[in-house]
*Asks:* 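I'd like to ask you about the structure that follows.
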Protein chains: 2
Amino acid sequence: MNLTYETFLQEFEQWVGDEWQCLFDMYHQKLNLKNRNIATKKFKTIIEGVFKLSHQKGFQAMTMRDLSQETEISMGGLYNYFSNKDQIAEMIHAGMVHMAEACLKIKEYRHKDPVFELNELLARHIFLSERLKKWFYFVFMECRSLERELIADIIASEQFMETAILERILDANAQNLSQCHNPDFVAAMLKVMLQEWYLKSWKYIEKDINADQYVANLLLSVYHLTQVK
Amino acid sequence: MNLTYETFLQEFEQWVGDEWQCLFDMYHQKLNLKNRNIATKKFKTIIEGVFKLSHQKGFQAMTMRDLSQETEISMGGLYNYFSNKDQIAEMIHAGMVHMAEACLKIKEYRHKDPVFELNELLARHIFLSERLKKWFYFVFMECRSLERELIADIIASEQFMETAILERILDANAQNLSQCHNPDFVAAMLKVMLQEWYLKSWKYIEKDINADQYVANLLLSVYHLTQVK
DNA sequence: AAAAAACGAGCAAATGTTCGTTTTATTTGA
DNA sequence: TCAAATAAAACGAACATTTGCTCGTTTTTT
């Protein structure tokens, strides 16, 4: 495993591109937006404002007047870029899913070595959530503002991740590469360690620990928890 | 370590007692409540209603009319048991802090064996958060509805926990009982594993894993992550 | 009969959203 | 090349709801 955040970023750029362009592509038709240049800038301003305010007091507590003040866009102006408040949360969710899929699609092959695969899986997830930190945080914290269908979406994709981790541990055990006695539990804990990275990112900024260092520590933990030989 | 949840519960009963009585003791004066019997029942109904509704859609999104309907208490009736909406969140926070302190005060001594101490610390935290699951969940998820001072409170107590864990790991290393190469990281991860228990409790109910089993797995992880000898 | 608790219609303030108007950007035509 | 004309985007006061909360009254308890 020697994928670094830097090389990951290049991949991301290539496969996903820019988050605001992405939003434009997904919603310009529905919203009757013509000018790509203007619209992407506005999306950036607005969504970053939403991230800021909802981080401070939560999405529900953020009022459209707050957002208008924060972004310096009038109430009427704002409503050109979404059809109602709840749709903002929906757009952020859909955008994140879209980008995550575009980014992980590359790696659908299965490598021979389950230990390698597990490391790769974990590292990629950390790097993706580093790149889309605020998106991940928002979706986790504000998912109750979403429709039921979308919540099911989130739970399913979390479950998918946990299962993917578990399978690699079981494979490694089967191939006698590791000796993990509580694979279910370890898989669950590894998933939580992934979440920690974007939920408490301020802690790691304070401690001066970057994504690469976090991954290194994480993989060391995997090594111990699964008793890799 | 052979503290079980059952024996912990007895301790809790003895030192803390009942959460609704606790709320009555803390607030009956300020709220001019005379009848203990009636008031504790109402507190139970109301706070459990708050837990249910804010779990569904968040505290901010819960309206007093929702709460009135859920608890089958009129708007005016509700306001006998708190002075305004924000105070509900405050009461839950203060109540939890009060109970946690009452419960942990017992164990302020320092044992000789840091490994034993660490195990005890973790187990007690899991058991406490099991007993007060909904309180912990609420405080974590809704802390943005609290005043700044109280938020600082929460962060401080989290930091305190992490430091306590870290100290035991360092002690164990120093006494050559363990060989942990990344104690800071491991301490942070152990704290997240504690949070997992109350944040995703539904997962473990589904998987039929109780607090005792979770603790067993957690301590096994400590053993591996710190390379106890 | 006096005190405590519960009621719920009603008030003022806040909030999401709209829409007629103004400003800015783009296209057209001479 | 540069106005005139058209389209797109931004504005923000105004509207209908919603929301937190009160208070005069009624019901229940002591």
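Source: prediction; values computed, not measured. Below, read A as the first sequence line, B as the second, and so on, with proteins coming before strands; counting in each chain starts at 1.
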*Asks:* Counting the atoms with a prime plus P, OP1 and OP2 as sugar-phosphate, which does B:Ile73 contact under 4.0 Å by heavy atoms, base, sugar-phosphate, or nothing?
*Replies:*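 If one applies the 4.0 Å heavy-atom cut-off, B:Ile73 turns out to touch the sugar-phosphate alone, with no base involved.
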*Asks:* Looking at side-chain heavy atoms only, is the closest gap between A:Gln159 and A:Lys191 below 4.5 Å?
*Replies:*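 Answer no - side chains too far apart.
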*Asks:* Whole Å only: how far is the CD1 atom of B:Ile46 from the C1' atom of C:dC7?
*Replies:*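 From B:Ile46 CD1 to C:dC7 C1': 14 Å.
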*Asks:* Please report how far the helix from C:dA1-D:dT30 to C:dA30-D:dT1 bends, comparing the axis fitted to its first five pairs with the axis fitted to its last five, to the nearest 10 degrees.
*Replies:*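 Terminal axis comparison yields 10°.
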*Asks:* From CZ of B:Arg36 over to C1' of C:dA4, roughly how many Å is that when rounded to an integer?
*Replies:*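 Distance check: B:Arg36 CZ to C:dA4 C1' gives 17 Å.
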*Asks:* Is the B:Phe127-B:Tyr5 ring centre distance short of 6.0 angstrom?
*Replies:*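 Under 6.0 Å, so yes.
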*Asks:* Report which part of the nucleic acid B:Met64 touches: base, sugar-phosphate, or nothing (heavy-atom distance under 4.0 Å, all strands).
*Replies:*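 If one applies the 4.0 Å heavy-atom cut-off, B:Met64 turns out to touch the sugar-phosphate alone, with no base involved.
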*Asks:* For C:dG8, does OP1 or OP2 lie under 4.0 Å from any side-chain N or O of B:Ser74?
*Replies:*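 Answer is no, no contact under 4.0 Å.
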*Asks:* Any base atoms under 4.0 Å from B:Phe82, or only sugar-phosphate, or nothing? Heavy atoms, all strands.
*Replies:*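 Nothing, no nucleic acid heavy atom in range.
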*Asks:* Looking at B:Phe51 versus B:Trp135, is the centre-to-centre ring distance below 6.0 Å?
*Replies:*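 Yes.
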*Asks:* Rounded to the Å, how far apart are A:Lys57 NZ and C:dA14 C1'?
*Replies:*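 The answer, rounded to whole Å, is 12 Å.
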*Asks:* Testing the 3.5 Å rule here: is there a donor-acceptor pair between the side chains of B:Lys200 and A:Gln195?
*Replies:*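 There is such a pair (donor and acceptor under 3.5 Å, judged by atom type) between the side chains of B:Lys200 and A:Gln195.
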*Asks:* To the nearest angstrom, how far is B:Asn84 atom CG from C:dA13 atom C1'?
*Replies:*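 After rounding, the reported distance stands at 15 Å.
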*Asks:* Rounded to whole angstrom units, what separation is found between the CD atom of A:Gln60 and the P atom of C:dG16?
*Replies:*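 Spelled out: CD on A:Gln60 to P on C:dG16 is 9 Å.
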*Asks:* Taking the six-membered ring of A:Phe59 as reference, does the NZ or CZ atom of A:Lys85 fall below 6.0 Å from its centre and within a 45° cone about the axis?
*Replies:*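 Judged by the rule (NZ or CZ under 6.0 Å from the ring centre, within 45° of its axis), A:Lys85 counts as positioned above A:Phe59.
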*Asks:* Under a 4.0 Å N-O cut-off, is there an ion pair linking B:Glu206 with B:Lys203?
*Replies:*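 No.
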*Asks:* Looking at B:Phe138, B:Phe12, B:Tyr137, which one forms a side-chain contact (heavy atoms from CB on, under 4.5 Å) with B:Leu132?
*Replies:*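 Answer to the side-chain contact (heavy atoms from CB on, under 4.5 Å) test with B:Leu132 among B:Phe138, B:Phe12, B:Tyr137: B:Phe12.
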*Asks:* Distance check needed: C:dA3 C1' versus B:Ile38 CD1, whole Å only.
*Replies:*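 Going from CD1 in B:Ile38 over to C1' in C:dA3 covers 12 Å.
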*Asks:* Round to a whole Å and report the spacing from CZ of A:Phe59 to C1' of C:dG16.
*Replies:*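 Whole-Å distance recorded here is 11 Å.
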*Asks:* Taking any atom closer than 4.0 angstrom to a non-hydrogen atom of chain B, what span of DNA chain D does the protein reach, first nucleotide to last?
*Replies:*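 Going 5' to 3' along DNA chain D, contacts run D:dT19 to D:dT30.
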*Asks:* Between A:Glu162 and A:Glu167, is any pair of side-chain heavy atoms under 4.5 Å apart?
*Replies:*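 A:Glu162 vs A:Glu167: side chains apart.
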*Asks:* Using heavy atoms to find the nearest nucleotide of DNA chain C for A:Arg65 and A:Gly77 separately, return the residue whose nucleotide is more 5′.
*Replies:*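 Upstream on the strand: A:Arg65.
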*Asks:* Can you tell me the distance, in whole Å, between the NE2 atom of B:His28 and the P atom of C:dA4?
*Replies:*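 Atom NE2 in B:His28 sits about 14 Å away from atom P in C:dA4.
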*Asks:* Check the pair A:Met193, B:Met193 against side chain to side chain contact (heavy atoms under 4.5 Å, CB included), reporting the backbone distance first and the verdict last.
*Replies:* CA-CA 8 Å; A:Met193 295 183 191; B:Met193 295 182 189; 3.3 Å; yes
